[in-house]
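A short worksheet on the structure shown next.
In what follows, chains are A, B, ... by sequence order, proteins preceding strands, each numbered from 1.
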Amino acid sequence: MPRRSKDALSWRLYAQIIECQFGRVVVASTQAGICYCGFVKDHIGALDELRKRFPSAIVVETPCHGVSATWHEMVRVAFTNRFQGDIPLDLEVCSTVFQRRVWNALCQIPFGTLSTYGKIASDIGAPGASRAVGTAIGKNPVACIIPCHRVICSNGQIGNYHWGSDLKRALIEWEQSVLR
DNA sequence: GAGTGCGTATAAG
DNA sequence: CTTATACGCACTC
């Protein structure tokens with residue numbers, strides 16, 4: 001598959017807003033898979049986020065069709081029931097090898113369990129790079145699908161979260177309540 | 001090159 | 001238990 005960069009020629013981004021128990025979520029996909037999924041305040045905020053993250057993309061808001069519609073429906077279900085890892089992702093846009101290695105490690109954390117920044121660093125063969133891992137996790141473009149909320153500090157503190165630590169806590173508690 | 005950030009281990013208050 | 005400090009590394013400008 002061709003490697004895209006944010007400086008490449010314009011390309012289409014299919015966007016849709018989903019309402020879930022944790023708030024409003026914008027989902028965006030390319031022809032290859034979901035490339036963004038994040039919590040937003042409102043419609044304007046969603047567009048701002050997408051334009052900022054993917055400056056060269058043409059954002060298409062018309063109702064999705066074809067595979068995009070299928071993927072978005074999978075995300076909607078994931079957010080209302082239980083997050084599963086079999087949703088096609090397109091993370092090649094604006095990301096580094098290190099980041100993708102971190103994100104891949106996050107996908108190995110089972111639903112309802114927790115890990116730490118330091119452990120993830122060791123898992124990907126970069127012991128001591130916990131802070132770099134934190135930064136990479138913070139750039140995770142697909143909330144919950146790549147479960148960055150399952151990583152906390154080694155001392156048990158909640159740690160930071162791109163979309164707010166209260167939301168992180170809520171996601172962790174919800175996962176654990178589902179398992180009970 | 002210098003500055004930054006979703007960390008960690010250690011030591012002291 | 002909380003705060004301070006030194007160290008860590010990928011990334012950005």
Side-chain angles (χ1 to χ4, degrees), chain A residues 3-11 13 18 20-28 30 34-42 45-46 48-57 75 78-79 82-85 87 89-178:
Chain A
R3 172 86 166 77
R4 268 190 311 276
S5 82
K6 62 179 169 184
D7 300 321
L9 291 175
S10 60
W11 44 285
L13 195 58
I18 290 172
C20 75
Q21 59 181 316
F22 301 104
R24 195 163 289 153
V25 174
V26 62
V27 184
T30 66
I34 303 291
C35 67
Y36 185 78
C37 176
F39 298 93
V40 289
K41 192 158 68 75
D42 52 29
D48 285 347
E49 181 64 41
L50 293 179
R51 276 197 282 262
K52 185 172 149 198
R53 252 183 129 107
F54 309 104
S56 66
V75 173
F79 270 84
R82 178 170 169 163
F83 309 132
Q84 311 262 23
I87 297 171
L89 300 177
D90 180 9
L91 306 180
E92 296 292 305
V93 188
C94 313
S95 68
T96 66
V97 171
F98 182 81
Q99 285 164 359
R100 290 195 294 273
R101 205 176 294 155
V102 170
W103 300 340
N104 197 51
L106 299 187
C107 294
Q108 311 304 315
I109 308 172
F111 184 96
T113 64
L114 299 173
S115 188
T116 68
Y117 299 98
K119 183 163 187 319
I120 297 294
S122 301
D123 289 347
I124 64 171
S130 58
R131 197 154 189 191
V133 165
T135 304
I137 291 178
K139 298 210 168 133
N140 169 30
V142 283
C144 299
I145 303 173
I146 289 179
C148 58
H149 58 283
R150 292 178 197 155
V151 183
I152 63 172
C153 298
S154 63
N155 64 6
Q157 288 189 308
I158 190 77
N160 284 306
Y161 191 57
H162 184 75
W163 292 282
S165 46
D166 286 342
L167 184 51
K168 182 175 185 176
R169 211 183 313 270
L171 288 166
I172 291 170
E173 285 174 6
W174 173 75
E175 288 197 0
Q176 291 176 350
S177 75
V178 168

Paired nucleotide for C:dG8 [Watson-Crick or G-U wobble; both distances under 3.5 Å] = none
Return the value, rounded to whole Å, for the distance between atom NZ of A:K139 and atom P of B:dT4.
-> 14 Å
Gap between atoms CD1 and P, on A:I137 and C:dC11 respectively (whole Å) | 13 Å
Per A:H162 side chain, nearest of listed nucleotides C:dC11, B:dC6, C:dC9 = B:dC6
Aromatic contact, A:F22 with A:W174 (centres under 6.0 Å) = yes
Which pair of non-hydrogen atoms, one from A:S95 and one from A:R100, has the smallest distance, and what is that distance?
-> OG-NH1, 2.6 Å
A:C153 has its side chain closest, among C:dC9, B:dT8, C:dC11, to B:dT8
Per atom distances to the A:N160 side chain, the nearest of C:dC9, B:dG7, C:dA10 is B:dG7
Mind calculating the distance between NZ (A:K52) and P (C:dT12) to the nearest angstrom?
-> 14 Å
B:dG13 -> Watson-Crick or G-U wobble partner, both distances under 3.5 Å, gives C:dC1
Pick the nucleotide of DNA chain C nearest each of A:V97 and A:G128; which residue has the one closer to the 5' end?
-> A:G128
Is there a side-chain polar atom (N or O) of A:N155 under 4.0 Å from OP1 or OP2 of C:dT2?
-> no
Considering just the side-chain nitrogens and oxygens of A:S154, establish if one lies under 4.0 Å of OP1 or OP2 belonging to B:dT8.
-> yes
Take atom OH of A:Y117 and atom C1' of B:dG7, then tell me their distance rounded to the nearest Å.
-> 8 Å
Taking every heavy atom of A:Y36 against every heavy atom of A:E49, the minimum-distance pair comes out as OH-CG, 3.4 Å
Could you state the atom-to-atom distance from CZ of A:R131 to P of B:dG5 in whole Å?
-> 8 Å
C1' spacing across the pair C:dG8 / B:dG5, given as an integer number of angstrom = 12 Å
Rounded distance in Å - CD1 (A:I120) to P (C:dC9) | 18 Å
Between P of B:dG7 and NZ of A:K119, the distance in whole Å | 18 Å
Between CH2 of A:W103 and CD of A:Q108, what distance do you get to the nearest 0.5 Å?
-> 15.5 Å
Would you kindly give the CD-to-C1' distance between A:Q157 and B:dT8, to the nearest whole Å?
-> 11 Å
Rounded to the nearest 0.5 Å, how far does NE2 of A:H149 lie from CG of A:L106?
-> 10.0 Å
